[in-house]
Number of protein chains: 2
Amino acid sequence: MPSDLRGLADIDRLIHEPARLALAAILSVVESADFLYLQRETGLTKGNLSSHLAKLEEAGYIAIEKTYRGRIPLTLVRLTDAGAAAYRAYRARFKKFLEKTG
Amino acid sequence: MPSDLRGLADIDRLIHEPARLALAAILSVVESADFLYLQRETGLTKGNLSSHLAKLEEAGYIAIEKTYRGRIPLTLVRLTDAGAAAYRAYRARFKKFLEKTG
DNA sequence: CAAACTAGTTTGTTATACAAACCATAAAGG
DNA sequence: CCTTTATGGTTTGTATAACAAACTAGTTTG
């Protein structure tokens, strides 16, 4: 039991943050999503979404592809394998916590 | 589904923080605990434990009683009703997220 | 009586999340 | 045209935050 609690300390903070957790949850089921879709779904401002995406990209959890729809810029985001694995691990870790402390 | 994700944004950050989540988990099952016991269980330094406890106390989630064991100071901590309710709500919220995004 | 231990708190640094301002391009209106 | 208005973002600034390290105060031990 104690070890389960201490384990919380080294949970993946990158995914633990609610905004990014929501992003991971969306991206885990959609192949890819564009910036504005993510903004609508999460309710984040553009600024915050941009910086959260930057962090996830730095970590290698997502890949960002900047392209165009016609001549309007379009930013496509998808979860990398590493990102999907991190998300799964996070969920498993948290689920275990909820069960053990049920 | 979107509404479930946006709901993450207003999850209780005070409890969401892993160190405090561990504290809440412990306190939810022990009636009361002293400072050093909490430190051992969580693996936190005294400084961090002290400041996390201060935050939980400010929020009214815990009550701190400073007393003595012989002539050695002893800090006893227990979850308030509000704290217990917040912890339950947090768990319920997160459990729902895990289920919906399963 | 000095060293070391117990039980914490205060202080300082670094990182983080969020909001607001900014920038570039494109379509629309007069 | 050319100047608003909308689209699609990025950069910048600020207030909180977590964490570690230093400090305080009293106590026991050698």
Side-chain angles (χ1 to χ4, degrees), chain A residues 5-27 32-59 61-78 86 90, chain B residues 5-24 26-27 32-59 61-78 90:
Chain A
L5 291 176
R6 265 197 295 275
L8 282 178
D10 43 63
I11 203 160
D12 191 336
R13 302 283 182 131
L14 229 86
I15 290 189
H16 189 58
E17 155 62 29
R20 289 189 297 258
L21 180 55
L23 288 170
I26 294 168
L27 293 172
S32 95
D34 66 78
F35 191 95
L36 293 179
Y37 172 78
L38 291 173
Q39 199 199 339
R40 276 194 308 277
E41 291 301 299
T42 58
L44 291 167
T45 62
K46 295 171 196 296
N48 293 338
L49 176 54
S50 179
S51 79
H52 283 305
L53 290 179
K55 247 159 222 172
L56 290 170
E57 188 184 28
E58 276 170 49
Y61 285 1
I62 62 171
I64 299 182
E65 185 194 356
K66 279 161 198 307
T67 171
Y68 288 87
R69 173 173 48 205
R71 24 192 59 148
I72 293 177
L74 179 70
T75 296
L76 285 175
V77 182
R78 65 178 181 75
Y90 174 85
Chain B
L5 291 176
R6 266 198 294 277
L8 282 178
D10 43 62
I11 204 161
D12 191 335
R13 303 282 183 133
L14 229 87
I15 291 189
H16 189 58
E17 152 64 30
R20 289 188 296 260
L21 180 55
L23 287 170
I26 294 168
L27 293 172
S32 94
D34 66 78
F35 190 96
L36 293 179
Y37 172 78
L38 291 174
Q39 199 198 340
R40 276 193 308 277
E41 292 299 300
T42 57
L44 291 167
T45 62
K46 296 171 196 299
N48 293 339
L49 176 55
S50 180
S51 78
H52 284 306
L53 290 179
K55 244 156 225 174
L56 290 169
E57 188 184 29
E58 276 169 47
Y61 285 1
I62 62 171
I64 299 182
E65 186 193 356
K66 281 161 195 307
T67 172
Y68 288 87
R69 172 172 49 205
R71 22 190 62 146
I72 292 177
L74 179 70
T75 296
L76 286 174
V77 182
R78 66 177 180 76
Y90 174 85

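Numbers restart at 1 for each chain; the letters A, B, ... are given by sequence-line order, proteins then strands.
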Identify which nucleotide among D:dT11, C:dT9, D:dA20 has an atom closest to any side-chain atom of B:Ser50, counting heavy atoms from C-beta outward. C:dT9
Closest approach of B:Ser32 and B:Leu76, non-hydrogen atoms and distance? OG-CD2, 4.0 Å
B:Tyr90 and B:His16 aromatic ring geometry - parallel, tilted or perpendicular at 30°/60° bounds: tilted
Under 4.0 Å between a side-chain N or O of A:His52 and OP1 or OP2 of C:dT16? no
Look at all strands and tell whether A:Gln39 reaches a base, only sugar-phosphate, or nothing, counting heavy atoms closer than 4.0 Å. nothing
When rounded to whole Å, the CG to C1' distance for the pair A:Asp34 and D:dG9 reads 12 Å
How many angstroms lie between atom CZ of A:Phe35 and atom CD1 of A:Ile64, to the nearest 0.5 angstrom? 9.0 Å
What is the distance from CZ of A:Arg71 to P of C:dA24, rounded to the nearest Å? 19 Å
d(CG, A:Leu44; P, D:dT10) in whole Å: 14 Å
Separation of atom OH in A:Tyr37 from atom C1' in D:dG8, rounded to whole Å: 18 Å
Would you mind telling me which residue lines up with the more 5' stretch of DNA chain D, A:Thr75 or A:Arg13, judged by nearest nucleotide? A:Thr75
Return the value, rounded to whole Å, for the distance between atom OH of B:Tyr68 and atom P of D:dA25. 13 Å
Comparing A:Ala9 with A:Lys66, nearest DNA chain D nucleotide closer to 5' gives the residue A:Lys66
What is the nucleic acid contact for B:Leu49, judged by heavy atoms within less than 4.0 Å: base, sugar-phosphate only, or nothing? nothing
Against the side chain of A:Phe35, the closest entry in C:dA7, D:dA18, D:dG9 is D:dG9
What closest approach, in Å, do A:Ile26 and A:Glu41 show between heavy atoms, and which atom pair accounts for it? CD1-CB, 3.5 Å
Between B:Leu76 and A:Gly47, which is nearer to the 5' end of DNA chain C once each is assigned its nearest nucleotide? B:Leu76
